[in-house]
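First comes the structure, then the notes that go with it.
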Amino acid sequence: MRKNNLPKLGKIHPDFFNRHIYRKLGAFNPAVIVKPQNGVDFGVVDLGSCVMVLSTDPFYIARQLGIERAAWFAVHIIASDIAVSGIRPQYLAIDLNLPPAISEKELILLWGTVHKECRKLGISVVTGHTARYAGCNYPFVGGATMLGVGSKKDLIKPRALCGDQIIVSKGPAIETTGLLAAYFPQVLENKYGKSFVKRAQDVFYQMSTVKDAFVAASVGGVTAMHDATECGVFGGLFEIAQHSQVGMRIYPQEMIMQQEVALTCACFGLDPYRSISEGTLLATVRPGRSKSVIRALKDNGIPASVAGEVVRKQEGMRVVQGNKSIRLQHPRVDPFWAKFEEYLLKKK
């Protein structure tokens, strides 16, 4: 019997993707100048005088977060994927396959939040589909595609270069902390008290890289940007290196580590560097511009630090801690999902 190599939950790992999906992308079109690949959050079509950037994602409404917070998050997840291209998100196509349990009041609140957040970001909804169907359930209530059209000179075609410095904004496990604090506050309160829970829950609104990416791109010198979603900072950096055909030296002790993140991950027994982290921008930047990028991010209220450098592919992926240099492999499976499922079952 053939072994099932798919992860139980979460994204398909890069090895499977590269063998079975990346080679089968339909008709060839030379206008597609950035194709689907691990570590790249968007695709790009060359329109001649400009470029069109696209990204698609599930429309994720985690009801336990409250409809307004969940809808804010759903918009920013996909807007972040466009923003890391250096092109601003402008257009949204959305398919809402809603669960029968959703009420009229909840749908009005959900869409009102989507409208409000899209207006703030300058995004127009251009088409969609809305219906309730049996078999549909939270949190995955459909899908959405976002687009941006802009100048070729503003497009950051992601390719990290040897000598680049690696910049990490906000630190690891941002999404891990925001979601666990929202879903399981009692677990954290029992260990750290009520005031800690409030601080950990406030991390939720850091789960966007839209502002981070705009600020970094405006400085110049950025060669690649990636939103550290599934498999966290280590997974995201591995993916950048893989598609750029480079190696990396990563220094975890140089990364910002928010106290709320460290303690939340410790409480749930999670490695923050390998856990999902929507909101953490990973950027490779030419060495002469990295200080300016860090300064610009901090001036905009976004903590960031240099946490490594890009090296030749032959030097491999290494995590350096003190005198130890450990080879980094892709985490393959994000530990967040199994832990999340474990604690959901405990709540029942």
Side-chain angles (χ1 to χ4, degrees), residues 6-13 58 60-66 69-70 72-74 76-77 80 137-140 168-209 227-239 250 252-253 255-282 303 307 319 321 326 328-348:
L6 298 180
K8 182 180 177 183
L9 294 169
K11 280 187 179 179
I12 305 304
H13 54 73
Y60 184 91
I61 297 294
R63 201 179 192 182
Q64 291 89 334
L65 299 173
R69 284 202 300 175
W72 178 93
F73 184 39
H76 277 266
I77 287 175
S80 292
N137 205 352
Y138 296 103
F140 299 104
V168 177
S169 79
K170 299 175 189 151
I174 297 302
E175 184 174 354
T176 295
T177 302
L179 293 183
L180 291 178
Y183 273 85
F184 312 114
Q186 196 61 50
V187 176
L188 291 172
E189 184 179 330
N190 291 344
K191 194 168 181 68
Y192 303 124
K194 285 186 179 181
S195 62
F196 176 84
V197 173
K198 175 64 169 61
R199 298 199 309 275
Q201 289 178 336
D202 286 345
V203 173
F204 180 89
Y205 284 107
Q206 296 182 36
M207 292 195 296
S208 170
T209 58
D227 193 358
T229 52
E230 298 218 17
C231 295
V233 169
F234 282 172
L237 289 175
F238 191 99
E239 290 164 3
I250 303 164
Q253 69 274 12
M255 284 185 210
I256 289 162
M257 175 68 77
Q258 298 185 44
Q259 184 189 44
E260 293 76 18
V261 169
L263 292 178
T264 297
C265 287
C267 181
F268 287 90
L270 288 168
D271 180 344
Y273 299 104
R274 289 175 168 83
S275 296
I276 194 164
S277 193
E278 174 78 37
T280 299
L281 179 69
L282 308 175
V319 176
Q321 293 181 296
I326 304 164
L328 176 66
Q329 294 182 315
H330 194 282
R332 292 173 65 91
V333 177
D334 193 309
F336 171 83
W337 295 111
K339 189 66 65 173
F340 187 67
E341 185 180 34
E342 174 190 335
Y343 276 83
L344 279 179
L345 292 172
K346 286 181 180 180
K347 283 181 74 173
K348 290 183 178 179

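For this chain, numbers begin at 1 and follow the sequence in order. Keep in mind that what you see is a predicted model, and the values were worked out from it rather than measured.
- Although no hydrogens or angles enter the test, the distance criterion places no donor-acceptor pair under 3.5 Å between the side chain of Glu260 and the main chain of Ala200.
- For the pair Val197 and Glu189, the tightest heavy-atom approach, listed with the atom from each and the gap, is CG2-N, 3.5 Å.
- The side chain to side chain contact (heavy atoms under 4.5 Å, CB included) test with Ser275 is passed by exactly one of Cys231, Pro335, Pro331, Pro172: Pro335.
- Here the closest non-hydrogen pair linking Ala62 and Ala70 is O-CB, 3.4 Å.
- The two atoms that bring Leu179 and Met207 nearest to each other are CD2-CE, 4.2 Å, heavy atoms only.
- Taking CG of Leu180 as the start and CG of Leu188 as the end, the distance is 7.5 Å to the nearest 0.5 Å.
- No hydrogens or angles considered: a donor-acceptor pair under 3.5 Å links the side chains of Gln206 and Gln258.
- In this structure, Lys346 forms a cation-pi arrangement with Tyr343, its terminal cationic atom sitting closer than 6.0 Å to the ring centre and no more than 45° off the ring axis.
- Under the 3.5 Å distance criterion, the side-chain polar atoms of Lys170 are left unmatched by any main-chain donor or acceptor of Leu281.
- Separation of atoms CZ (Arg274) and CZ (Phe238) is listed at 11.0 Å; rounding is to 0.5 Å.
- Contact between Pro252 and Ile250 at its shortest, heavy atoms only, is CD-O, 3.3 Å.
- Judged by distance alone, with hydrogens and angles left aside, the side-chain atoms of Ser277 form a donor-acceptor pair with the main-chain N or O of Ile174 at under 3.5 Å.
- Heavy-atom minimum distance, Asp334 versus Gly232: OD2-N, 4.1 Å.
- In this structure, SG in Cys265 is found 11.0 Å from NZ in Lys339, a value given to the nearest 0.5 Å.
- In this structure, CZ in Phe234 is found 6.5 Å from CG in Asp271, a value given to the nearest 0.5 Å.
- Using cut-offs of 30° and 60° on the angle between ring planes, the pair Phe340 and Phe336 is parallel.
- When all heavy atoms of Gln201 and Arg69 are compared, the closest pair comes out as O-NH1, 4.2 Å.
- A distance below 6.0 Å separates the ring centres of Phe204 and Phe73.
- The distance from the CH2 atom of Trp337 to the CD atom of Glu341 is 10.5 Å, given to the nearest 0.5 Å.
- Proximity of a side-chain donor or acceptor of Asp227 to a complementary backbone N or O of Thr229 within less than 3.5 Å is not detected.
- For the atom pair CD1 of Ile276 and OG1 of Thr177, the computed distance is 11.5 Å after rounding to the nearest 0.5 Å.
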